[in-house]
Amino acid sequence: MATLPVMRQPPIRPALEAIPTYKPGKPPAARDGMPTYKLSSNENPYPPLPGVLEAVSGAASQFNRYPDMAASALYDAIAERFQVPVADLAVATGSVAVLYHLLQAICTDGDEVVYAWRSFEAYPIAVQMTGAAGIQVPLADGARHDLDAMARAITDRTRAVLVCTPNNPTGPAVTEAELRDFVAHVPPEVVVVVDEAYREFVRDPAVGDGSDLYRERSNVVVLRTFSKAYGLAGLRVGFAIAPARLAQAIRKVSLPFGVSQVAQAAAIASLRAEDELFKRVEALVGERTRVLDGLLESGWDVPDSQANFVWLPLGDHTVGFAAACDDAGIAVRPFPGDGARVTIGEIEANDIFLRAAAQWQAAH
């Protein structure tokens with residue numbers, strides 16, 4: 001019997017074998033006669049802001065045309081809102097895409113990128129895609145960034161340090177004093193990325209705004225997004241505020257026509273509706289306080305959250321807790337072996353979560 005020839009295949013970069021796969025939050029399983037809620041992806045539970053649907057409808061009537069690759073109107077709107085030059089901005093399909101582009105622009109094989117862990121799940125992927133190595137620094141007590149340890153982890157191979165504040169998935173934010181002291185110890189040739197995807201939810205007066213440091217330093221890049229507070233998660237718009245040289249580098253490697261015309265129109269309309277936005281954010285912050293208080297009353301030891309989610313450090317019980325929540329009609333985001341992140345959602349969803357958490361705590 002003839003032996004079949006071995007089929008040769010196109011090679012794939014060996015580095016991809018070590019890159020983890022991003023795991024999105026799952027929707028809840030359907031339950032007969034029971035409402036279910038998705039609290040696994042940090043989505044805004046509110047409908048689009050006033051004027052956004054109208055803007056989207058108008059832009060959608062011309063999606064047979066390519067979007068404005070320069071995103072001129074969007075750049076102008078962001079520049080006016082944040083009082084920065086257009087040259088210091090770079091937009092992409094979500095702040096995570098901006099980060100990918102930035103690291104592609106500054107990193108190569110043998111380089112290093114320092115970040116806290118656990119932090120945003122996309123960081124290891126974004127770093128390793130460039131050929132650089134991720135240097136993970138464990139969180140300190142209270143699920144907070146250990147900035148002193150992160151500063152000590154910087155070497156002559158470090159190209160960037162990522163500071164997620166508030167930290168996803170644990171919730172605490174870095175104070176202005178902490179961030180300023182940290183940046184002062186980072187060499188000027190190392191980029192400090194201040195990832196502020198949840199900045200609108202911060203209420204701790206000790207927490208500053210990363211854009212203040214960007215104005216003072218030539219190596220600070222601030223990431224923002226329209227996916228969370230602004231409620232445009234399905235349209236994917238994020239941006240960097242960065243020194244012009246770095247912003248230009250991000251733009252140079254960005255995907256052509258990446259941000260659709262519909263997304264550009266929605267982001268501009270959302271900026272115009274910020275009065276309503278901040279009312280909604282305030283309501284979510286109020287719910288966050290209620291949820292945190294409820295968890296503490298049930299005996300949970302949870303870190304302070306300045307984002308639109310809470311973190312339960314469950315360790316080896318994480319998967320079991322997530323299953324119990326799913327049985328109750330809510331999907332949470334488990335990180336096996338570490339804990340569960342739970343988005344602040346509709347009042348009804350938060351009530352179900354609090355009951356499930358109280359029952360779990362009482363039984364364990």
ILVMFWY network linking I135 to V192, side-chain heavy atoms under 4.5 angstrom: yes
When clusters are formed by joining ILVMFWY residues with side-chain heavy atoms under 4.5 Å apart, either directly or through shared neighbours, do V174 and V191 land in the same one?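 In one cluster with V174: V191, no.
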Examine distances only and state if a side-chain atom of [X] and a backbone atom of [Y] form a donor-acceptor pair shorter than 3.5 Å.
{"X": "D88", "Y": "A244", "result": "yes"}
{"X": "E287", "Y": "G345", "result": "no"}
{"X": "W360", "Y": "A324", "result": "no"}
{"X": "R144", "Y": "L139", "result": "no"}
{"X": "Q264", "Y": "D68", "result": "yes"}
{"X": "T130", "Y": "A126", "result": "no"}
{"X": "S95", "Y": "A197", "result": "no"}
{"X": "N167", "Y": "R118", "result": "yes"}

What residues, two or more places apart in sequence or in another chain, satisfy salt bridge (Lys or Arg N to Asp or Glu O under 4.0 Å) together with D146?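 Checked D146 against salt bridge (Lys or Arg N to Asp or Glu O under 4.0 Å); zero matches.
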Output the distance between atom [atom1] ([X]) and atom [atom2] ([Y]), rounded to the nearest 0.5 Å.
{"X": "Q83", "Y": "S211", "atom1": "CD", "atom2": "OG", "result": "10.5 Å"}
{"X": "Q361", "Y": "D301", "atom1": "CD", "atom2": "CG", "result": "9.5 Å"}
{"X": "Q128", "Y": "L103", "atom1": "CD", "atom2": "CG", "result": "11.5 Å"}
{"X": "F182", "Y": "M150", "atom1": "CZ", "atom2": "CE", "result": "4.5 Å"}
{"X": "R288", "Y": "R203", "atom1": "CZ", "atom2": "CZ", "result": "7.0 Å"}

Between the side chains of S227 and R236, does any donor sit under 3.5 Å from an acceptor?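 Per modelled atom types, S227 and R236 side chains form a pair under 3.5 Å.
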With the threshold set at 4.0 Å, does a side-chain nitrogen-carboxylate oxygen contact exist between R290 and D351?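 Yes, this pair counts.
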Salt-bridge test for E282 and K279: reply yes if a basic N is under 4.0 Å from a carboxylate O, no otherwise. no
Check the pair F226 / F239 against ring pair (Phe, Tyr, Trp, His ring centres under 6.0 Å), numbers first and verdict last. CA-CA 9 Å; F226 285 93; F239 60 97; 5.8 Å; yes
Does the cation-pi check pass for R199 over F82, that is, NZ or CZ under 6.0 Å from the six-membered ring centre and within 45° of its axis?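 Relative to the ring axis of F82, which defines the angle, R199 lies outside at least one limit.
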Does M69 sit in a hydrophobic cluster with other residues, and if so which ones, taking ILVMFWY side chains as linked at heavy-atom separations under 4.5 Å, directly or through other members?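 Members besides M69, by chain and number: Y66, F257.
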Sequence neighbours excluded - salt bridge (Lys or Arg N to Asp or Glu O under 4.0 Å) pairs with any residue from residues 41-59: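 Only K38-E43 qualify under salt bridge (Lys or Arg N to Asp or Glu O under 4.0 Å).
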What pairs meet the salt bridge (Lys or Arg N to Asp or Glu O under 4.0 Å) rule with one or both residues in residues 204-213, with sequence neighbours excluded?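 For residues 204-213: D209-R224.
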So which of I268, I78, V262, L74 actually passes side-chain contact (heavy atoms from CB on, under 4.5 Å) with V237?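 It is L74; the other options fail the test.
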Heavy-atom pair of closest approach, residues R280 and P50: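 Where R280 meets P50 most closely, the heavy atoms are NH2-CD, 4.1 Å.
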Which label fits Y123 and F120: parallel for a plane angle under 30°, tilted from 30 to 60°, or perpendicular past 60°?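 Perpendicular, since the angle between the ring planes exceeds 60°.
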Do N44 and L284 have side-chain heavy atoms sitting under 4.5 Å apart?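 Yes, their side chains come closer than 4.5 Å.
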Enumerate, atom names and distances included, each donor-acceptor pair closer than 3.5 Å involving a side-chain atom of residues 307-322, sequence neighbours excluded.
residue: N308; atom: ND2; partner: N42; partner atom: O; Å: 3.2
residue: T318; atom: OG1; partner: G315; partner atom: O; Å: 2.7
residue: T318; atom: OG1; partner: G339; partner atom: N; Å: 3.2

Using the side-chain contact (heavy atoms from CB on, under 4.5 Å) rule, take Y100 and V253 through it: C-alpha gap first, then chi angles, then the decisive distance, then the call. CA-CA 9 Å; Y100 275 46; V253 301; over 6 Å; no
Donor-acceptor pairs are to be reported for all side-chain atoms of residues 12-19 against protein atoms at under 3.5 Å, with residues two or more places apart or in another chain.
residue: R13; atom: NH1; partner: M129; partner atom: O; Å: 3.1
residue: R13; atom: NH2; partner: M129; partner atom: O; Å: 3.4

